[in-house]
Visitor: 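Dumping the structure here so I can ask a few things about it.
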Amino acid sequence: MDSSSAGQEDDRERRGISERASLDKRALRRSFLDNLLYVQGKFPRLATKNDYYLALAHTVRDRLMQRWISTAAAYTTQCSRTVCYLSAEFLMGPHLGNNLINLGIYDVAAEVVGELGLDLEDLLYQEEEPGLGNGGLGRLAACFIDSLATLEVPALGYGIRYEYGIFHQTLSDGWQVEKTDKWLRFGNPWELARPEWAVEIKFGGHTEQYTDEHQRLRVRWVAARIVNGVPYDTPILGYHVNTANTLRLWKAEAPESFDFGQFNRGDYAGAVTQKIVSENLSKVLYPNDEQEAGKELRLQQQFFFVSCSLQDMLRILQIQRIPVEKFHEKFAVQLNDTHPSIGVAELMRLLVDEQLLAWDTAWDITCKSFGYTNHTLMPEALERWSLPLFQRVLPRHLEIIYEINARFLDQVRIRFFGDEARIARLSLIEEQGPRYVRMANLACVGSHAINGVADLHTELLKQDVLKDFYELCPEKFSNKTNGVTPRRWIVLANPRLTSLITETLGDGWIRDLDLLRGLESHIDDAAFVQRWQAVKRANKADLATHIERRLQISIDPDSLFDVQVKRIHEYKRQHLAALHIVALYCRIKANPNIEMVPRTFIFGGKAAPGYHMAKLMIKLITAIGDVVNFDPDVRGRLKVAFLPNFSVTNGQRIYPAADLSEQISTAGKEASGTGNMKFQMNGALTIGTMDGANIEIMEEVGKENFFQFGLLTPEVYAWQARGYRPQECYERSPALREVIDLIGSGYFARGDSSVFKPLIDVLLRYDPYFLLADFDSYVACQDEVSAVYKDKHRWARMAILNSARSGKFSSDRTIRQYCSEIWNVDKVPVRLLSQEDVEADFMQ
Ligand SMILES: *Cc1c(COP(=O)(O)O)cnc(C)c1O
């Protein structure tokens with residue numbers, strides 16, 4: 001034993017900390033071996049890589065427990081004000097690496113397993129990532145709970161424990177194929193079931209009026225069916241703090257393992273069917289990124305997790321002996337999009353029907369509790385539920401929504417006397433044609449704060465999507481530009497860059513990303529710039545190796561890595577990038593000796609399984625790759641790689657290896673984007689439209705360090721108003737014509753001109769996302785990119801400035817703003833409990 005670790009051991013014993021919580025290297029090694037033997041039940045020769053992963057995961061979990069318990073004790077004792085983040089999605093990514101970093105034991109863990117002949121990275125890749133989200137929205141929730149813990153703010157993340165997360169994507173002949181995501185197959189060491197805190201959730205049936213013992217008129221909801229919600233808790237540790245908050249995900253279960261009534265009547269199969277129906281509720285995540293057309297199960301999922309969560313909050317109030325009238329003083333409840341917005345009606349039901357509060361008191365509490373974050377600018381993506389469906393699933397909530405609406409519209413009528421059109425627009429019920437409940441309107445009326453997720457997005461909400469609500473209550477609106485956590489997206493994903501920055505600036509930047517500005521003063525330091533280039537080059541070589549293994553195509557790490565990874569959507573315009581590749585290919589075919597900066601185009605992203613055009617976009621990209629990658633005329637100057645199954649795990653390999661970040665959505669369509677921020681932090685330059693947070697990125701880095709192109713939002717609106725004719729763009733631009741004609745001819749489909757016809761037809765006839773209008777501007781901008789890339793030193797300086805100026809886009813900044821401007825919540829530092837503290841608690 002070396003003397004320093006002996007000293008740490010003494011210190012640990014003096015402080016009364018269990019060996020199971022010790023961060024000392026010898027203790028870690030002992031725990032790892034113990035867990036292999038006593039948890040996995042294996043001796044090394046029989047152990048699989050997964051056994052080693054689980055042994056290490058349990059070793060880390062033990063260390064989390066002490067912090068988790070200490071955090072719960074601090075919050076309970078101090079009755080701390082708490083943020084409840086309600087989100088139908090949490091796209092967490094693997095936990096092990098992140099926990100090692102936040103505990104500060106990544107390197108020592110690598111040594112421990114290394115001395116046993118194992119490779120830490122290899123073990124990390126064993127973890128099946130919990131893909132409980134579709135994309136940006138779910139990943140934002142994950143970044144937010146990381147920042148809340150790091151900032152030591154009491155918080156609970158509430159969501160659904162889907163048994164199957166986002167599907168696993170494979171490609172077959174270039175077409176997307178979906179496989180179920182069995183992420184729980186080998187167990188989940190990070191969660192703890194808490195069946196003692198299960199709650200009952202009602203569905204369907206009818207309502208009855210009755211008079212209670214105080215002669216008050218009340219309503220009773222007689223449900224047709226009851227489902228149990230069982231919480232599964234995962235600790236979320238902050239970076240280098242004792243705070244470990246909770247992610248509480250609800251699993252649906254049948255109330256009894258059997259309906260004995262039905263069983264005794266002989267209907268065994270019927271009883272089992274009922275059980276299956278109940279458990280279906282949390283079975284699968286809906287794989288649509290933007291909207292889901294009227295699926296009853298989806299509404300049931302939303303109500304299920306929201307009711308579970310609100311009932312859980314009431315239980316917490318009771319334990320802490322806080323009267324229910326102070327609900328809004330104890331909790332700040334944030335709605336991540338409209339998915340949890342049924343919470344407004346459900347909290348009213350719980351307070352009025354079950355806690356017997358007066359309507360006005362309950363309404364006051366409800367409005368003061370909720371905040372609503374909008375995530376979309378596409379009016380067709382605003383959630384609404386058909387009235388018959390809503391009535392069938394949630395009859396009592398429909399009554400409550402009618403009552404909220406009647407009282408709300410009465411006020412509107414007084415403010416906007418005679419303006420019936422405005423009243424119809426503000427109503428919680430859509431009345432023209434088939435009737436719908438409008439969830440965004442419910443969220444707006446029931447919240448004291450409404451926010452967009454980037455400056456432009458918030459402005460467009462005020463002017464357009466939520467204009468009527470803005471005119472009614474401008475004071476409710478604010479902007480909270482999204483951010484991402486630098487712990488996962490730099491420290492974990494890019495260890496080489498982390499070392500370089502920390503050696504240059506110290507490690508303060510990890511908690512205070514604005515300190516990255518310090519890199520600017522090293523921009524003329526040749527040795528620093530050289531090391532920067534070496535980091536990027538090594539990351540690119542790693543990704544090239546990965547792609548070569550996966551796709552059997554050779555990749556030149558010195559080529560420009562041009563990357564677009566995100567959900568596949570027409571508005572995100574992956575097909576615009578595809579048109580550009582074809583344009584370059586045409587130049588080569590016309591002049592095989594043309595000088596060209598070698599590029600590797602890397603794509604990744606999932607298409608919703610029912611979104612045919614998005615699936616065709618994937619096929620187009622892979623089909624172009626199949627030609628370009630093997631055409632001898634190209635001589636390796638262009639490579640196209642579609643990496644299947646884009647996920648958090650794959651993102652961690654890709655973002656750090658990018659030279660160029662493609663953020664090319666139609667202006668006015670992308671609410672914020674967060675991928676753009678991950679690229680920027682890792683030193684990629686952006687080619688982008690003036691959309692979402694791209695605008696703020698350009699403001700931070702300066703125009704001269706950003707490749708801007710394309711129509712601005714007002715220009716898009718003007719073209720729409722004038723009547724946009726894409727055919728004219730096609731006729732005016734020879735380069736565009738050549739590209740469209742080549743794809744249309746079937747050149748990339750073995751001569752079959754029917755394959756891409758639907759895509760080409762949409763572009764030439766409607767082009768709702770203005771690809772043809774932006775094509776020339778995009779290609780010219782890409783030529784500028786290539787010209788700059790030829791000057792490697794200039795490129796590196798620009799990349800360094802991008803990274804140095806990315807501080808604004810830490811989710812720590814975003815969360816500080818939510819805390820002070822919406823939630824009014826403070827940090828609560830946590831003191832680690834010792835063994836004696838725990839023993840003393842028994843005496844209480
Ligand atoms: C960050 C992230 C996204 C969001 O990317 P955008 O470019 O903002 O659309 C989607 N999926 C995953 C896995 C991510 O990590």
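Numbers for residues simply follow the sequence, beginning at 1. Source: prediction; values computed, not measured. Both ligands and their constituent atoms are indexed starting at 1 by order of listing.
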Visitor: When Leu560 is tested against each of Thr600, Val788, Val785 for side chain to side chain contact (heavy atoms under 4.5 Å, CB included), which residue passes?
Guide: Val785

Visitor: Would you tabulate the polar-atom pairs, meaning N/O of ligand 1 against N/O of the protein, with distances under 3.5 Å, reported to 0.1 Å?
Guide:
unit_1: ligand 1; atom_1: 7 (O); unit_2: Lys566; atom_2: NZ; d: 2.8
unit_1: ligand 1; atom_1: 8 (O); unit_2: Thr674; atom_2: N; d: 2.8
unit_1: ligand 1; atom_1: 8 (O); unit_2: Gly675; atom_2: N; d: 3.0
unit_1: ligand 1; atom_1: 9 (O); unit_2: Lys572; atom_2: NZ; d: 2.8
unit_1: ligand 1; atom_1: 15 (O); unit_2: Lys678; atom_2: NZ; d: 2.6

Visitor: Using the test side-chain hydrogen bond (donor to acceptor under 3.5 Å, both in side chains), find all partners of His375 that sit at least two apart in sequence or belong to another chain.
Guide: Asn336

Visitor: For Glu191, which residues count as a side-chain hydrogen bond (donor to acceptor under 3.5 Å, both in side chains) partner, sequence neighbours excluded?
Guide: Arg161, Asn188

Visitor: According to ring pair (Phe, Tyr, Trp, His ring centres under 6.0 Å), who are the partners of Tyr125, at least two apart in sequence or on a separate chain?
Guide: none

Visitor: Does the Lys NZ or Arg CZ of Lys540 fall within the cation-pi geometry relative to Phe561 - under 6.0 Å from the ring centre and within 45° of the axis?
Guide: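 Yes, Lys540 and Phe561 form such a contact.
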
Visitor: Looking only at side-chain N and O atoms, does Gln334 offer a donor or acceptor that is under 3.5 Å from a partner on Tyr158?
Guide: no

